[in-house]
Q: 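This is the structure I have questions about; it appears just below.
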2 protein chains.
Amino acid sequence: MTIKAVCSKFNVSPDTLRYYERVGVIPEVHRTSGGIRDYTEDDIKWVETATCFRSAGMPIELLIEYVRLFREGDHTIKARCELLKEARDLILAERRKIDDALEKMDGKIKVYERAVETGRLEWDDNSCCCCNKSKE
Amino acid sequence: MTIKAVCSKFNVSPDTLRYYERVGVIPEVHRTSGGIRDYTEDDIKWVETATCFRSAGMPIELLIEYVRLFREGDHTIKARCELLKEARDLILAERRKIDDALEKMDGKIKVYERAVETGRLEWDDNSCCCCNKSKE
DNA sequence: ATACATCCTGGAGTTAACTCCAAGTCAATA
DNA sequence: TATTGACTTGGAGTTAACTCCAGGATGTAT
């Protein structure tokens with residue numbers, strides 16, 4: 001599969017894929033005799049994992065470390081397992097932050113939706129943490 | 001409240017708070033006669049909102065726009081409401097990506113945990129999307 | 001009144017993660 | 001076989017969001 005096809009499959013740019021390969025976010029991709037990238041099934045699955053984890057905010061550094069361990073062989077299985085658990089904790093923490101923000105946001109949105117009808121903001125101190133009182 | 005106290009309350013650096021004020025992520029903070037920042041209740045709530053939304057990955061640009069609208073007065077209530085909804089959609093999309101990644105990660109972790117016991121990786125094609133087969 | 005810690009500003013520097021570019025190679029078409 | 005368009009590399013440039021710094025002002029404890 002050409003780089004272009006992989007790009008549109010995962011919605012990333014060719015530069016990004018080449019960059020991932022260069023810095024080791026994914027292992028080296030299979031090439032044609034002419035030196036042009038020709039992604040195998042496995043290559044594509046690496047890209048899938050990398051783009052998925054990246055879009056969740058997992059730092060590139062961790063992915064590089066994972067690939068490094070993978071290349072070292074089966075004696076790094078435990079280390080890879082630890083790394084994945086560490087990564088999961090990191091992403092769970094992200095989700096907690098997102099949920100906090102969503103709660104705060106929903107409170108504000110409710111106040112604003114009422115305000116759009118009544119014409120005046122009425123902050124409700126315990127449902128919404130709001131700095132943004134309408135000055136009166 | 002001094003900048004230092006606000007910093008330790010929200011676990012950010014003084015530089016970050018000054019930066020937020022400078023670029024308009026929060027409105028101007030109250031000062032002592034000498035020109036030193038002395039955060040009021042309201043100032044602190046703005047900081048709370050900003051740090052909360054930022055840590056969920058909401059871009060600074062949106063926060064700046066929100067503050068800009070806020071300063072314009074009550075005729076921007078509808079616009080602010082729209083902006084908040086847009087921000088919520090953005091963050092909900094983030095959460096979906098996170099949930100996708102978590103699912104993929106949990107699949108991998110399960111495989112690795114089994115492998116730590118048995119000594120060999122056994123990928124289960126439909127429970128886990130995995131590029132990282134142990135070569136054999 | 002003198003240290004000494006803390007604060008101020010404007011501007012430069014840093015980091016992660018791309019993104020762009022020039023100069024050249026490869027492959028499909030006319 | 002010549003053209004055209006996609007691909008290659010190494011390296012430089014960009015962007016968001018801080019982070020650091022120099023040189024100076026402020027505030028508090030002795």
Side-chain angles (χ1 to χ4, degrees), chain A residues 1-26 28-40 43-44 46-47 49-68 87 90-91 94 97-98 101, chain B residues 1-26 28-40 43-44 46-47 49-68 87 90-91 94 97-98 101:
Chain A
M1 201 180 225
T2 69
I3 196 170
K4 199 155 208 191
V6 178
C7 285
S8 60
K9 190 169 164 63
F10 297 109
N11 205 33
V12 289
S13 75
D15 271 321
T16 298
L17 286 189
R18 285 190 283 254
Y19 165 71
Y20 281 180
E21 188 178 349
R22 176 156 40 150
V23 302
V25 167
I26 58 175
E28 286 190 10
V29 168
H30 175 251
R31 306 292 182 112
T32 66
S33 56
I36 288 185
R37 286 175 185 79
D38 181 26
Y39 291 76
T40 65
D43 292 333
I44 291 167
W46 276 105
V47 172
T49 303
T51 53
C52 173
F53 286 8
R54 272 299 301 134
S55 77
M58 179 161 161
I60 264 180
E61 228 7 272
L62 278 188
L63 289 166
I64 291 173
E65 177 67 5
Y66 181 77
V67 171
R68 207 186 58 70
L90 220 140
I91 292 189
E94 284 309 302
K97 288 186 215 154
I98 281 183
Chain B
M1 201 180 222
T2 70
I3 196 171
K4 198 155 209 189
V6 179
C7 285
S8 61
K9 188 168 166 65
F10 296 109
N11 205 32
V12 289
S13 76
D15 271 322
T16 299
L17 287 189
R18 285 190 284 254
Y19 165 72
Y20 280 0
E21 190 178 347
R22 177 158 37 154
V23 302
V25 167
I26 57 175
E28 288 191 9
V29 167
H30 175 252
R31 307 291 182 113
T32 66
S33 56
I36 287 184
R37 285 175 185 81
D38 181 26
Y39 291 77
T40 65
D43 292 334
I44 291 168
W46 276 104
V47 172
T49 303
T51 52
C52 174
F53 286 7
R54 271 301 300 134
S55 78
M58 178 161 162
I60 264 179
E61 226 11 88
L62 279 189
L63 289 166
I64 292 172
E65 177 66 5
Y66 181 76
V67 171
R68 205 185 59 69
L90 219 142
I91 293 190
E94 283 309 302
K97 288 187 213 153
I98 281 184

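Per chain, numbering begins at 1; letters A, B, ... match sequence-line order. Note: hydrogens, waters and symmetry copies are ignored here, and every other heavy atom, side chains too, is used.
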Q: Please check the phosphate of C:dA16 (OP1 and OP2 only) for any side-chain N or O of A:Tyr19 closer than 4.0 Å.
A: no
Q: Just the rounded figure in Å: distance from C1' of C:dT15 to CD of A:Glu61.
A: 12 Å
Q: When you measure from every atom of DNA chain C, which of residues 3-17 of chain B have a heavy atom less than 4.0 Å away?
A: B:Ile3, B:Lys4
Q: How long is the line joining CG of B:Asp38 and C1' of C:dT6, in whole Å?
A: 14 Å
Q: Would you mind reading off the distance between A:Met1 atom CE and D:dA6 atom C1', rounded to a whole angstrom?
A: 17 Å
Q: Give, for atom OG1 of B:Thr49 and atom CG of B:Leu63, the distance between the pair rounded to the nearest 0.5 Å.
A: 9.0 Å
Q: Can you tell me if the side-chain N/O atoms of A:Arg31 get under 4.0 Å from OP1 or OP2 in C:dT25?
A: no
Q: With nearest nucleotide decided by heavy atoms, which residue, B:Thr2 or A:Ser33, maps closer to the 5′ end of DNA chain C?
A: B:Thr2
Q: Grab the CD-P distance between B:Glu21 and C:dG10 for me, whole Å please.
A: 11 Å
Q: Can you find a side chain N or O atom of B:Arg18 that sits less than 4.0 Å from OP1 or OP2 on C:dT9?
A: no
Q: What is the distance from CD1 of B:Ile36 to P of D:dG24, rounded to the nearest Å?
A: 17 Å
Q: When you measure from the side chain of B:Asp38 to the backbone N and O of B:Arg31, does any donor-acceptor pair fall under 3.5 Å?
A: no
Q: Based on the rotation axes of five pairs at each end, what angle does the helix from C:dA1-D:dT30 to C:dA30-D:dT1 bend through, to 10°?
A: 0°
Q: For the side chain of B:Ile60, counting heavy atoms from C-beta on, which of D:dA17, C:dA27, C:dC8 is nearest?
A: D:dA17
Q: Rounded to whole angstrom units, what separation is found between the OH atom of A:Tyr20 and the P atom of D:dT9?
A: 17 Å
Q: Measure from CE on B:Met58 to P on D:dA17 and round the result to the nearest Å.
A: 11 Å
Q: List in chain and number order the residues that pass side chain to side chain donor-acceptor pair (under 3.5 Å) with A:Thr16, two or more places apart in sequence or in another chain; answer none if no residue qualifies.
A: A:Ser13
Q: At what distance, to the nearest 0.5 angstrom, does CD1 of B:Ile60 lie from OH of B:Tyr20?
A: 5.0 Å
Q: Roughly how many Å is it from CD1 in B:Ile26 to C1' in D:dC18, rounded to a whole number?
A: 14 Å
Q: Can you tell which of A:Ile26, A:Val25, A:Val12 makes a side-chain contact (heavy atoms from CB on, under 4.5 Å) with A:Thr51?
A: A:Val12
Q: May I ask you to say what A:Arg22 touches in the nucleic acid, namely base, sugar-phosphate or nothing, with a heavy-atom cut-off under 4.0 Å?
A: base
Q: Find the distance between CG (B:Asp43) and CD (B:Glu21) and round it off to the nearest 0.5 Å.
A: 8.0 Å
Q: Does A:Thr32 make a side-chain N or O approach to OP1 or OP2 of C:dA27 shorter than 4.0 Å?
A: yes
